[in-house]
**Student:** 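I have a structure here, written as structure tokens, and I will follow up with some questions on it.
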There are 2 protein chains.
Amino acid sequence: MSKKEELNFEDKIKFVQDTQYVIGGKWKLPIIISVYHGNKRFNEILSSIPRITNRVLSKELRHLEENELISRKVYDDYPTRIEYTLTDYCHSVAEVLTSMEKWGKQHRERIKKNMPASMHRTGI
Amino acid sequence: MSKKEELNFEDKIKFVQDTQYVIGGKWKLPIIISVYHGNKRFNEILSSIPRITNRVLSKELRHLEENELISRKVYDDYPTRIEYTLTDYCHSVAEVLTSMEKWGKQHRERIKKNMPASMHRTGI
DNA sequence: CGGTATCCTTGACGATACTG
DNA sequence: CAGTATCGTCAAGGATACCG
């Protein structure tokens with residue numbers, strides 16, 4: 001067996017869909033980015049991400065915790081402090097994340113060049 | 001200005017969400033993978049992707065066409081033949097795609113090692 | 001401060017039938 | 001063959017209020 005064997009078709013689809021299950025959806029990557037950039041407290045993360053609500057943030061944090069990408073620590077100070085941090089394992093998504101950032105950046109630039117202002121998608 | 005400047009926080013979120021708008025969702029990447037692997041005809045693509053329906057495939061193909069990742073060509077043979085192919089621009093998503101395939105693969109292996117069979121997600 | 005509880009809307013997706 | 005049309009379901013996400 002060679003090292004750089006290409007994945008077969010069905011596996012590619014399966015693996016991509018796995019990845020999307022764990023870090024897909026509207027908010028999971030933004031949350032990871034926020035925590036990566038130093039936000040640790042619930043309300044810090046909440047206010048750092050435009051338009052996210054506390055309900056969704058709460059649910060998504062739990063999902064990320066269950067998938068071992070984020071860890072939740074409770075400090076018994078008074079008042080109780082709760083901090084979210086990225087796990088070591090979370091750093092394995094860096095490549096996915098940066099490739100998406102890069103692609104989104106160049107795509108936005110490409111659109112700006114090729115389209116009249118009237119065609120720009122609103123609210124983004 | 002240095003070349004390898006890191007993107008700021010807000011831009012990262014914006015760019016990632018742009019990327020998700022274009023190639024996010026359950027089926028867009030599987031469709032790209034299918035076409036990449038040589039499937040060109042509507043029904044070919046349809047039957048190559050487990051559980052996708054024709055309605056969804058039709059809609060997603062149109063989305064991908066509008067975003068210039070896939071091109072639809074009509075050949076005036078009889079009977080009329082229609083073929084979908086990846087655009088040159090679509091090859092720019094290769095990095096995103098392969099990083100997601102890689103991550104999904106290692107994640108699945110990680111889960112298999114660390115979890116009892118009963119915890120495996122069903123239907124995947 | 002760090003969330004839950006309720007209620008609601010929307011859009012993604014699915015099943016099935018049908019058409020040029 | 002390459003789709004559309006119609007109808008239905010479900011889950012993601014949003015608005016607002018409230019709680020320990």
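Convention: sequence-line order gives letters A, B, ...; per-chain numbering from 1.
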**Student:** B:Ile52 has an atom CD1; how far is it from atom P of C:dC13, in whole Å?
**Tutor:**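 These atoms are roughly 9 Å apart.
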**Student:** Rounded to whole Å, please give me the gap between CZ in A:Arg81 and C1' in C:dG2.
**Tutor:**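 So the CZ-C1' distance, A:Arg81 to C:dG2, works out to 14 Å.
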**Student:** State which of D:dG13, D:dA15, D:dG3 makes the closest approach to the side chain of A:Lys26.
**Tutor:**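 The listed nucleotide nearest to A:Lys26's side chain is D:dG13.
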**Student:** Tell me: CG of A:Leu61 to C1' of D:dA12, nearest whole Å?
**Tutor:**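 About 16 Å, once rounded to whole Å.
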**Student:** Could you give me the CA-CA distance, side-chain angles and deciding distance for B:Glu83 and B:Arg81, then say whether salt bridge (Lys or Arg N to Asp or Glu O under 4.0 Å) is met?
**Tutor:** CA-CA 7 Å; B:Glu83 289 191 357; B:Arg81 193 161 40 99; 2.7 Å; yes
**Student:** How many Å lie between CG on A:Asp77 and P on C:dG2, as a whole number?
**Tutor:**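 After rounding, the reported distance stands at 11 Å.
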**Student:** Over how many whole Å does the gap from B:Gln17 atom CD to D:dG13 atom P extend?
**Tutor:**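 About 11 Å, once rounded to whole Å.
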**Student:** Checking B:Thr87 against B:Ser71: is there a side-chain donor and acceptor pair closer than 3.5 Å?
**Tutor:**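 Checked: B:Ser71/B:Thr87 side chains show no N/O donor-acceptor pair below 3.5 Å.
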**Student:** So, is A:Arg62 close to the C:dT4 phosphate, meaning a side-chain N or O under 4.0 Å from OP1 or OP2?
**Tutor:**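 Result: yes.
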**Student:** Nearest to the side chain of B:Thr53, heavy atoms from C-beta on, is which of C:dC1, D:dA2, C:dG14?
**Tutor:**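 Side chain of B:Thr53 sits closest to C:dG14.
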**Student:** Taking CG from A:Asp76 and P from C:dC1, how many angstroms apart are they, rounded to a whole number?
**Tutor:**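 For the pair A:Asp76 CG and C:dC1 P, the rounded distance is 18 Å.
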**Student:** Do we see a donor-acceptor contact under 3.5 Å between the side chains of A:His107 and B:Tyr21?
**Tutor:**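 Per modelled atom types, A:His107 and B:Tyr21 side chains form no pair under 3.5 Å.
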**Student:** Can you tell me the distance, in whole Å, between the NZ atom of B:Lys28 and the P atom of C:dA12?
**Tutor:**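 In whole Å, C:dA12 P lies 7 Å from B:Lys28 NZ.
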**Student:** When the distance from CG of B:Leu57 to P of D:dA2 is rounded to whole Å, what number comes out?
**Tutor:**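 Value for this atom pair: 11 Å.
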**Student:** Mind checking if B:Glu60 touches a base, just sugar-phosphate, or nothing, with heavy atoms under 4.0 Å?
**Tutor:**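 Touches sugar-phosphate only.
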**Student:** Decide whether a cation-pi geometry holds between B:Arg108 and A:Phe15; the criteria are a distance under 6.0 Å from NZ or CZ to the six-membered ring centre and an angle within 45° of the ring axis.
**Tutor:**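 No, cation not above the ring by the 6.0 Å, 45° rule.
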**Student:** Nearest to the side chain of B:Asn54, heavy atoms from C-beta on, is which of D:dT16, D:dG14, D:dT4?
**Tutor:**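 So the nucleotide nearest the side chain must be D:dT4.
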**Student:** When all nucleic acid strands are considered with a 4.0 Å heavy-atom cut-off, which category describes A:Tyr84: base, sugar-phosphate, or nothing?
**Tutor:**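 Sugar-phosphate: the residue A:Tyr84, judged by heavy atoms under 4.0 Å, touches backbone atoms but no base.
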**Student:** Between A:Arg55 and A:Arg72, name the one whose nearest nucleotide on DNA chain C is closer to the 5' end.
**Tutor:**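 Its nearest nucleotide lies further toward 5', so the answer is A:Arg72.
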**Student:** Does anything in residues 30-42 of chain A come within less than 4.0 Å of DNA chain C? Heavy atoms only, and list the residues if so.
**Tutor:**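 Result for residues 30-42 of chain A: A:Arg41, A:Phe42, sorted by number.
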**Student:** Near A:Asp88 CG, under 6.0 Å, is it more than 12 heavy atoms from other residues, nucleotides or ligands?
**Tutor:**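 12 or below, so no.
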**Student:** Using a cut-off of 6.0 Å, state whether more than 12 heavy atoms not belonging to A:Phe9 lie near its atom CZ.
**Tutor:**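 Atom CZ in A:Phe9 is packed in, count exceeds 12.
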**Student:** Distance check: side-chain N/O of A:Lys59 vs OP1/OP2 of C:dT4, anything under 4.0 Å?
**Tutor:**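 Looking at the OP1 and OP2 atoms of C:dT4, neither is under 4.0 Å from any side-chain N or O of A:Lys59.
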**Student:** Side-chain N or O of B:Ser58 versus OP1/OP2 of D:dT4: is the shortest distance under 4.0 Å?
**Tutor:**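 True: B:Ser58 side-chain N/O within range (under 4.0 Å) of D:dT4 OP1/OP2.
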**Student:** Give a yes or no on whether a salt bridge exists between B:Lys105 and B:Glu109, defined as a side-chain N under 4.0 angstrom from a carboxylate O.
**Tutor:**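 The answer is yes: the pair qualifies as a salt bridge.
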